[in-house]
Asks: 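Following this message is one structure expressed as structure tokens.
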Amino acid sequence: MSVNNELTKAISAVKELIVKKNGEINIIVLTGSGISKGSGIPTFRGADGLWKNYNAMDLATPQAFRKDPNLVWEWYSWRMGIILDKNPNAAHYAVSQLQKAGLVKWIITQNVDSLHDRAGSTNLLEVHGNIFRAKCIQCDFKTMLTIPPKAPPMCECGGMLRPDVVWFGERLNAELLYKAYDLLKTECDVLLVIGTSGIVYPVADMPREAKDNGAIIIEFNLEKTPISSLADFVILGKSEELLPEFVDKLIKNDKEG
Ligand code: BV8
Ligand code: ZN
């Protein structure tokens, strides 16, 4: 299957749907760390994965934080530093362009790096939280951090702050999760799944939810994943290269009707 062929077929399928629905279609975007690879941010499980120097299951857990908050904060500060001098890439901007064209309303992201927000996207469901937000472990205080902390930041109540991200073994925010599933069930004609390995639950279940409700599933990834078997189109390659091409052709076609 040539990349261009899959890309062309996917665009025709979406274009047909746009005509069938008199221009009113809802595309939902679901992203993972692969969309930020083009910005120079390592992915979680790739060869240069963020986990390479640390075992994620050792650090991105409440147990690790209880055991050694300094080490966990050191890892998050290191990651915040990596992200701070990076920028959104062409894939983030392509998603934002789809939103501006009225074809995408909502974006569900597992990423905690704020790059969708910085690319101008709105209606962003950050289901795994945000690395630049910290919350108190004792009270409901939350704050945005602008610089990577050198030591665990403290709350005025005397409690320690922790990164406001979802760790392994922690529930995702119920409100965000409910909203995401509701969208996938009721407002999803097309689901673009971009740069995720489809390993981490419950997000890994989301493409199935959309599929069961009749959505066309289009996957953008370097390689096949567990999601590929239920995708209608699997577009293999770098999302920072292929997504702009997909969006340009779709929006151009959409204008031409
Ligand atoms: C929950 C935030 C239940 C923090 C993250 C066994 C042991 C322990 C737990 C489990 C277990 N089995 C199942 C579980 C549950 C667990 C889970 O699914 N584990 C997996 C590993 C099996 N899930 C959880 O624990 C979740 N909570 O289940 O709670 C519960 C129920 C009741 C009561 C209490 C609890 C919480 C999961 C959230 C964890 N937090 N992040 C932080 O960032 O530090 S997960 C982390 O992984 C990131 O959010 C990341 O986004 C996410 C998913 O990874 P991907 O984004 O997909 O990234 P990855 O590197 O894997 O893949 C990148 C992809 O991009 C690849 O496919 C690659 O090919 C592609 N790519 C690379 N470059 C490009 C590209 N594609 C396109 N273009 C490119 N240029
Ligand atoms: Zn507090």
Side-chain angles (χ1 to χ4, degrees), residues 3 30-52 54-65 72-73 75-80 82-83 89-92 94 108-116 126-143 153-174 176-177 192-207 219-228 234-244 246:
V3 171
L30 169 63
T31 64
S33 62
I35 196 170
S36 296
K37 186 78 179 354
S39 300
I41 298 177
T43 56
F44 283 78
R45 294 168 187 85
D48 66 343
L50 266 186
W51 312 114
K52 193 168 68 178
Y54 296 95
N55 176 340
M57 295 315 250
D58 294 346
L59 288 184
T61 67
Q63 295 76 5
F65 187 75
V72 172
W73 264 113
W75 184 52
Y76 279 92
S77 291
W78 172 71
R79 287 175 59 193
M80 285 169 78
I82 289 182
I83 296 166
N89 65 61
H92 296 103
I108 304 165
T109 187
Q110 300 170 90
N111 299 341
V112 297
D113 58 27
S114 289
L115 290 185
H116 280 299
E126 293 181 316
V127 294
H128 287 169
N130 187 300
I131 198 167
F132 294 105
R133 201 175 48 240
K135 64 180 182 184
C136 178
I137 57 172
Q138 272 174 207
C139 72
D140 55 7
F141 173 72
K142 289 198 179 196
T143 183
M154 301 305 283
C155 174
E156 277 171 18
C157 81
M160 184 182 279
L161 300 187
R162 56 160 278 185
D164 189 8
V165 297
V166 180
W167 279 329
F168 288 102
E170 287 189 323
R171 285 177 191 274
L172 278 63
N173 173 291
L176 286 179
L177 209 49
L192 302 185
V193 185
I194 307 163
T196 181
S197 58
I199 294 174
V200 175
Y201 286 84
V203 173
D205 262 337
M206 291 185 177
E219 181 180 30
F220 288 82
N221 201 304
L222 290 181
E223 58 192 14
K224 293 214 163 188
T225 71
I227 294 166
S228 306
V234 178
I235 300 171
L236 295 177
K238 293 181 179 177
S239 53
E240 60 273 28
E241 290 167 8
L242 295 171
L243 202 64
F246 174 83

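What you are looking at is a predicted structure, and each value in this text was computed from that prediction instead of being measured. Both ligands and their constituent atoms are indexed starting at 1 by order of listing. This chain uses plain numbering: 1 for the first residue, then up along the sequence.
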Asks: How close do Ser228 and Glu219 get, heavy atom to heavy atom, and via which atoms?
Replies: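 That closest heavy-atom pairing would be OG-OE1, 2.6 Å.
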
Asks: Counting both backbone and side chain atoms, is some N or O of Thr225 under 3.5 Å from an N or O of ligand 1?
Replies: no

Asks: Could you point out which residue of Ile194, Leu115, Ile108, Leu192 forms a side-chain contact (heavy atoms from CB on, under 4.5 Å) with Thr31?
Replies: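 Of the listed residues Ile194, Leu115, Ile108, Leu192, the side-chain contact (heavy atoms from CB on, under 4.5 Å) partner of Thr31 is Ile194.
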
Asks: Distance under 4.0 Å to a non-hydrogen atom of Gly32: what atoms of ligand 1 satisfy this?
Replies: 56 (O)

Asks: Considering Asp113, Ile194, Val166, Val112 one by one, which has a heavy atom nearer to atom 4 (C) of ligand 1 than any of the others?
Replies: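 Residue with the shortest heavy-atom distance to the ligand atom: Val166.
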
Asks: Can you figure out which of Glu240, His128, Lys238 has its heavy atom closest to atom 38 (C) of ligand 1?
Replies: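 Among Glu240, His128, Lys238, the closest heavy atom to atom 38 (C) of ligand 1 comes from His128.
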
Asks: Identify the heavy atoms of Arg171 and Val166 that sit nearest to each other, and give their distance.
Replies: O-CG1, 3.6 Å

Asks: With atom 53 (C) of ligand 1 as the reference point, say which of Glu241, Lys37, Gln110 has the nearest heavy atom.
Replies: Gln110

Asks: Flag Gly195 as yes when one of its N or O atoms lies below 3.5 Å from any N or O atom of ligand 1, and as no otherwise.
Replies: yes

Asks: Any atoms of ligand 1 less than 4.0 Å from a non-hydrogen atom of Asn111? List them with their elements.
Replies: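 Answer, ordered by atom number: 51 (O).
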
Asks: Can you find an N/O atom of Trp167 closer than 3.5 Å to an N/O atom of ligand 1?
Replies: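 N/O-N/O distance below 3.5 Å does not exist for this pair.
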
Asks: Hey, what's the ring geometry for His92 with His116, parallel, tilted or perpendicular (30° and 60° as the breaks)?
Replies: perpendicular

Asks: Out of Pro42, Ala60, Ser239, Ser36, indicate the one that has the non-hydrogen atom closest to atom 78 (N) of ligand 1.
Replies: Ser239

Asks: From Ser36 OG over to Ile82 CD1, what is the distance, rounded to the nearest 0.5 angstrom?
Replies: 12.0 Å

Asks: Can a donor-acceptor pair be found, under 3.5 Å and without considering hydrogens, that links the side chain of Asn111 to the backbone of Gly32?
Replies: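 Yes, the answer is positive, given that a donor and an acceptor are paired below the 3.5 Å cut-off.
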
Asks: Who gets closest to atom 3 (C) of ligand 1 by heavy atom: Glu219, Glu170, Arg79?
Replies: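 Of the listed residues, Glu170 has the closest heavy atom.
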
Asks: Just which atoms of ligand 1 are under 4.0 Å from any heavy atom in Gly237?
Replies: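 So the atoms of ligand 1 that pass are 77 (C), 78 (N).
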
Asks: When you compare ligand 1 with Gly169, is there at least one nitrogen or oxygen pair between them that comes in under 3.5 angstrom?
Replies: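 Between Gly169 and ligand 1 (N or O atoms, distance only) the closest approach is under 3.5 Å.
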
Asks: State whether the number of non-hydrogen atoms from other residues, nucleotides or ligands found under 6.0 Å of Lys238 atom NZ is greater than 12.
Replies: no

Asks: Is the side chain of Ser39 donor-acceptor paired with the backbone N or O of Asn89 at a distance under 3.5 Å, no angle test?
Replies: yes

Asks: Does Ala91 have a heavy atom less than 4.0 Å from any atom of ligand 1?
Replies: no

Asks: Taking the Zn ion (ligand 2) as the vertex, what is the angle from SG of Cys136 to SG of Cys157, given to 10 degrees?
Replies: 100°

Asks: Within the 4.0 Å heavy-atom shell around Thr43, which atoms of ligand 1 are there?
Replies: 60 (O), 72 (C)

Asks: Which ligand 1 atoms, with their elements, are less than 4.0 angstrom from a heavy-atom of Glu223?
Replies: 69 (O)

Asks: May I ask you to decide if the ring planes of Phe65 and Trp167 are parallel, tilted or perpendicular, using 30° and 60° as cut-offs?
Replies: tilted

Asks: Per the side-chain contact (heavy atoms from CB on, under 4.5 Å) rule, which among Leu161, Asp164, Thr143 passes with Lys135?
Replies: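 One option only clears the test, and that one is Asp164.
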
Asks: Under 4.0 Å from any heavy atom of Tyr76, which atoms of ligand 1 are there?
Replies: 4 (C), 42 (C), 44 (O)

Asks: Using the side-chain contact (heavy atoms from CB on, under 4.5 Å) definition, which of the options Glu126, Arg133, Met80, His128 pairs with Val112?
Replies: His128

Asks: Can you name the atoms of ligand 1, numbered from 1 with element, that are less than 4.0 Å from a heavy atom of Ile199?
Replies: 18 (O), 20 (C), 22 (C)

